Colleague: 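Would you mind keeping the following structure in view while I ask a few things?
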Amino acid sequence: MKTYTEDKKLTVVADDMMLTKDMPTTAGSKMLDGYMSLFDSEALARLKDAGYTVAAKAAVGEFAIDLLGETNFKGAPASDGHIKNQAAEMILSGDASAAVCLDVNGAVRRAAAQSGLVSVKPTYGTVSRFGTIPAACSGETVSVLACDAEDCGRILDLIAGHDDKDGTSLPAELIAKTNEAATVRKVAVLASMKKGIGADVCEKLDAAVAVLKANGVEVDEIDDSVISASRPAWNALMSAELCNNVSRYDGVKYGYRAESFTNIDELYTNSRTEAFGELLKTAIIFGSETLSTENYMKIYDKCLRVRRVISEAFGKLFETYDAVLMPATSSMSYTEAEVKENKFIAFEENYYTAPASITGLPAIVAGGVQLVGRAFSEKALLEAAKKYEKEGK
Amino acid sequence: MDREILRRLELLNQLSLTEQEKESVIAFFSDREKDLETLDAIDTADVERMVHVMPIMTVVREDKVSQIFSREELQAAAPETDEGYWCVPKVME
């Protein structure tokens, strides 16, 4: 169901990981408070060229590594003690027909699952990352959040395509594969990915399975425990990349600068210490330790090899199945109390989103659950999601 | 994770954690021990590293200017400038 009126069809919002030349971009961090980019991110530029308006920026958690945006330096939206994602709230209130976001650690997919919206995280490299704030470059993907699968597809068609300005942008002939007609006929539900989910998520999963079956899709529950290793491997890789990417923020050339310092080291340290939040600081320390001489082979190198094992496990599954159905979250809402109690909950809750992040595979969230498919199968996944997307409302 | 290693990592990353943050980080690392066991249980002896998730080779493109910004535009985000120069804090002792 559309939440917007027809006059808002060409209006989108962008999350605060996307550079905008006429609005500040902060990446949810005090470090970039007030920062103005000189150019728009490529995805937004393409939408503007197609006649769209970027009406506003939606707040994100610091460098988009948290659950839904709760680590934003200005605080996160919440309602009745439950954390909300601002991009999702803007769509639900009818301010825009869609949001263009950077999916770093699954926040966009969790927002879609918990707010009854639909999101598409396309195959890595099909949408340019030029003009996004880099966090975990090897897995982060410009994604779309919208009311339904139809709107997700409409926006994705406009932003996908090769971009010379992005070194990880795939060749046009590979991206063109996303337009090849395909149908999801056989779906696997991974038993290992149901671990830890609440009754509310279980209900959504069962509802999606029932609708798929009613539409002639064959659904099997199978076991594949290797894919559940995505979370620890992604946490290490994401933190290592994040540690490098945020090393540029030192308070000298741009960004937040501490007022009190007596030498250059104190300037760096005080600026970073005062501007960065606790989750980011922990990720930096973790990433740095992962890349240390002592741990490089033991952890970082190991995770890169585990990434291949996981990719090959998916490849094996896709010899039999067209897609894999799994939860996107453990519950249909997060309370402020939960996050207060466990500051690192995002590094656990990404159990459900890390498989698609670490492999670069496309993932559609609809009906409160996630469908992961072969590379370039976005269209087939969106068509399948249309069958059960209303189950998430 | 012990406090000595943590102090070294703080210095390397130009951070100064509060006592409460240090305790949280140590607890975080303690939780990650189980994750290491999960990773170690996967046999990767004959597996190649996977740096790029898609078939991306080192990209070389023509050195063409595509975006031009004026000095004023480029310096707009700087904390301090003076007659076209970036002003940085004193870096020499």
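On a predicted model such as this, the values are computed, not experimentally measured, just so you know. Because only heavy atoms are used, hydrogens play no part in the values below, and waters and symmetry mates are left out as well, while side chains stay in.
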Colleague: Measuring from atom CG of L12(B) to atom CG of L291(A), what distance do you get when rounded to the nearest 0.5 angstrom?
Modeller: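 Separation between the atoms: 11.0 Å.
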
Colleague: May I ask you to test the T269(A)-Q14(B) pair for a side-chain heavy-atom distance under 4.5 Å?
Modeller: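 Heavy-atom side-chain distance check passes, below 4.5 Å.
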
Colleague: How close do R305(A) and V47(B) get, counting heavy atoms only, and between which atoms?
Modeller: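 Between these two residues, the closest heavy atoms are NH1-O, 2.7 Å.
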
Colleague: Check each of I285(A), T282(A), L279(A) against F28(B) using the side-chain contact (heavy atoms from CB on, under 4.5 Å) test, and report the only one that passes.
Modeller: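 Checked I285(A), T282(A), L279(A) against F28(B); only one passes side-chain contact (heavy atoms from CB on, under 4.5 Å): T282(A).
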
Colleague: When heavy-atom pairs shorter than 4.5 Å are enumerated against chain B, which of K298(A), K343(A), E274(A), M36(A) gives the highest number?
Modeller: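 If we count pairs closer than 4.5 Å to chain B, K343(A) comes out on top.
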
Colleague: Using non-hydrogen atoms only, which part of E294(A) is less than 4.5 Å away from chain B: side chain, backbone, both, or neither?
Modeller: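 Answer is side chain: those atoms of E294(A) sit under 4.5 Å from chain B.
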
Colleague: Side chain, backbone, both or neither: which part of I358(A) has an atom under 4.5 Å from a heavy atom of chain B?
Modeller: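 Just its backbone gets close to chain B.
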
Colleague: Taking side chain as everything from C-beta outward and backbone as N, CA, C, O, which of these in T38(B) sits under 4.5 Å from a heavy atom of chain A? Side chain, backbone, both or neither.
Modeller: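 The side chain, not the backbone.
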
Colleague: Using non-hydrogen atoms and a 4.5 Å limit, figure out which bit of S24(B) sits close to chain A: side chain, backbone, both or neither.
Modeller: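 Answer is both: backbone and side chain atoms of S24(B) are under 4.5 Å from chain A.
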
Colleague: Is the number of heavy atoms from other residues, nucleotides or ligands under 6.0 Å of E19(B) CD greater than 12?
Modeller: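 For E19(B), atom CD is crowded (more than 12 foreign heavy atoms under 6.0 Å).
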
Colleague: Other residues, nucleotides and ligands only: do more than 12 of their heavy atoms fall within 6.0 Å of CD on E48(B)?
Modeller: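 Counting other residues, nucleotides and ligands, CD of E48(B) stays at 12 neighbours or fewer.
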
Colleague: For the pair D35(B) and R231(A), evaluate salt bridge (Lys or Arg N to Asp or Glu O under 4.0 Å) and give the outcome as yes or no after the intermediate values.
Modeller: CA-CA 9 Å; D35(B) 290 347; R231(A) 184 191 64 80; 2.5 Å; yes

Colleague: Tell me, side chain or backbone of L36(B) under 4.5 Å from chain A's heavy atoms, or both, or neither?
Modeller: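 Side chain of L36(B) only, per the 4.5 Å heavy-atom cut-off to chain A.
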
Colleague: Where does Q67(B) contact chain A at under 4.5 Å (heavy atoms): side chain, backbone, both or neither?
Modeller: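 Contact with chain A is through the side chain of Q67(B) alone.
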
Colleague: Do you know which two heavy atoms are closest between C303(A) and L39(B), and how far apart they sit?
Modeller: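 For C303(A) versus L39(B), the nearest heavy atoms are SG-CD1, 3.7 Å.
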
Colleague: Measure the shortest side-chain to side-chain distance between L15(B) and F276(A) over non-hydrogen atoms and say whether it is less than 4.5 angstrom.
Modeller: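 Answer yes - side chains close enough.
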
Colleague: What are the two closest heavy atoms between R257(A) and V88(B), and how far apart are they?
Modeller: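 Looking at all heavy atoms of both residues, the shortest contact is NH2-CA, 4.5 Å.
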
Colleague: Partners of K281(A) by salt bridge (Lys or Arg N to Asp or Glu O under 4.0 Å), sequence neighbours excluded?
Modeller: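 Result, salt bridge (Lys or Arg N to Asp or Glu O under 4.0 Å) vs K281(A): E21(B).
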
Colleague: Heavy-atom distance under 4.5 Å to chain B: side chain of Y124(A), backbone, both or neither?
Modeller: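 For Y124(A), the contact with chain B is made by backbone and side chain together.
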
Colleague: Is any side-chain heavy atom of S311(A) closer than 4.5 Å to a side-chain heavy atom of V53(B)?
Modeller: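 They are not in side-chain contact.
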
Colleague: Return the minimal non-hydrogen interatomic distance between E289(A) and L9(B), and the atom names on each side.
Modeller: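 It is OE1-CD1, 3.7 Å.
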
Colleague: Using 30° and 60° as the class limits, which term best fits the ring planes of F286(A) and F29(B): parallel, tilted or perpendicular?
Modeller: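 Because their plane-to-plane angle is over 60°, the rings of F286(A) and F29(B) count as perpendicular.
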
Colleague: OH of Y296(A): more than 12 outside heavy atoms within 6.0 angstrom?
Modeller: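 Enclosed: over 12 neighbouring heavy atoms sit under 6.0 Å from OH of Y296(A).
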
Colleague: For each of L74(B), L6(B), I42(B), tally heavy-atom pairs with chain A at distances under 4.5 Å, and name the one with the top tally.
Modeller: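 The residue among L74(B), L6(B), I42(B) with the greatest pair count is I42(B).
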
Colleague: Answer with side chain, backbone, both or neither: which region of C137(A) has an atom nearer than 4.5 Å to a non-hydrogen atom of chain B?
Modeller: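 When you check distances to chain B, no heavy atom of C137(A) falls under 4.5 Å.
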
Colleague: Should we count CZ of R3(B) as having more than 12 external heavy atoms under 6.0 Å?
Modeller: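 Atom CZ in R3(B) is packed in, count exceeds 12.
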
Colleague: Which residues pass the salt bridge (Lys or Arg N to Asp or Glu O under 4.0 Å) test with R248(A), not counting sequence neighbours?
Modeller: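 Not a single residue meets the salt bridge (Lys or Arg N to Asp or Glu O under 4.0 Å) criterion with R248(A).
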
Colleague: At a heavy-atom distance under 4.5 Å, which candidate from P79(B), A77(B), A78(B) has the highest pair count against chain A?
Modeller: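 When all of P79(B), A77(B), A78(B) are compared, P79(B) has the most.
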
